[in-house]
Amino acid sequence: MSKAFCHACFLRYGYMISISQVLAESNPARYGTLWRWFDELYTLLDLLLQQHYLSWARASFSENFYGLKRMTEGSKSGLRPLRRKEYWKSLLLLVLVPYLRMKLEKFVNKLKEEEDYSIHNTTSFRKRWYKAILATYPFVKFAWEGWFLFYQLRYILWNARHHSPLLKIAGVQLTRLTLEDLHAMEKTTAKTSSGQANDSMGQRMKDTMKKVLGGVALSVSSSLSLGVFFLQFLEWWYSAENQDTLKSLSSLPAPPAPIHFDLETYSPLLPKLKTVCPLCRKIRVNDTALGTSGYVFCYRCAYYYVKTHQRCPVSGYPTELQHLIRLYTPDG
């Protein structure tokens, strides 16, 4: 069950990230912001989606997809309908925990890149702090994964009530949807649509937004299989093997050098002398090329600019620290 939930969430996240990456690569000037703030936008959409399903079906998007619902645990009276307290705890755990985990993994990956390409002094406090985080993170991740594995083994082998510790923290338990639950969900939808004529304008707008969000959620749920196929097609299309095949079939000449898209005031123009760095306007020191555009800068200039802006200073192409390529002359 837990693997099915993770698989559905992974497919939804992978589908959105593939679309954002394709848009950012096709037009960095227009869709670069979408790629830089993708995690926040995805979390906001996920918050709206999970809030709708918790209010309507008393379950998350993935749980409702597999015909499950959340019930509040009681010490004596057994399972009860989802209360307001457990509702908010479930919503926060469904949205906030994946977001913090994504940001932590990206932060650690960024520290690894800086560890490989950084020019800071190895004895500085910042460098030692980075090394301490990188040394601790594998044990933290191992403990986190082991915690979930322990609950899953208890659920499979000893018939425990929770397959995830997050359900235990939220104070809820998963059960199957019954025929009465399905009828109640249909009545709620019909009541919302029939009561719009007698409600105020604000309530009408609120109900309309809920209806639109429900339609979007239903469309996402029904098109999940199509999205999986489209995701796999994008992965194949942008794979290295397919790109090599396309290059071998085409004999087009090399395209001209890229130019900056929005021509912002702080974007440097290319100097006339080829040995001058476009950023500092001095003779280049430790020549370094950007793999995304091919332009050459001083290593220190390129490092700090890419670290701050995540793009090429001349072409505007999205660029990371691993795209810095040191150039060496035959005489030195």
* **Heavy-atom donor-acceptor pair, H52 side chain to L49 backbone, under 3.5 Å** => no

* Asked: Which residue pairs satisfy the salt bridge (Lys or Arg N to Asp or Glu O under 4.0 Å) criterion with at least one member in residues 87-103, sequence neighbours excluded?
  -> D39-K103, E40-K103, R101-E105, R101-E145

* Asked: Shortest non-hydrogen contact from G294 to A289?
  -> O-CB, 4.4 Å

* Structure fact -> Taking every heavy atom of A160 against every heavy atom of Y155, the minimum-distance pair comes out as O-CD1, 3.2 Å

* S90 and side chain to side chain donor-acceptor pair (under 3.5 Å): which partner among Q50, R70, E63? -> R70

* **Least distance between heavy atoms, T292 atom then P318 atom** => CG2-O, 3.5 Å

* Are any side-chain N or O atoms of R154 and backbone N or O atoms of H162, one a donor and one an acceptor, separated by less than 3.5 Å? -> no

* To do: Could you tell me the separation between the OG1 atom of T175 and the CZ atom of R58, rounded to the nearest 0.5 Å?
  => 8.0 Å

* Asked: Does Y303 have R300 sitting over its ring (NZ/CZ under 6.0 Å from centre, angle to axis within 45°)?
  -> no

* Give me the one residue out of V314, V296, V306 that meets side-chain contact (heavy atoms from CB on, under 4.5 Å) with L290. => V306

* To do: Search all heavy atoms of Y151 against all heavy atoms of K168 and return the closest pair with its distance.
  => OH-CG, 3.9 Å

* **With sequence neighbours excluded, residues passing ring pair (Phe, Tyr, Trp, His ring centres under 6.0 Å) with W37** => none

* **Whether T72 side chain and R83 backbone form a donor-acceptor pair below 3.5 Å** => yes

* **Over all atoms of both residues, closest heavy-atom pair of F148 and S164** => CE2-OG, 3.4 Å

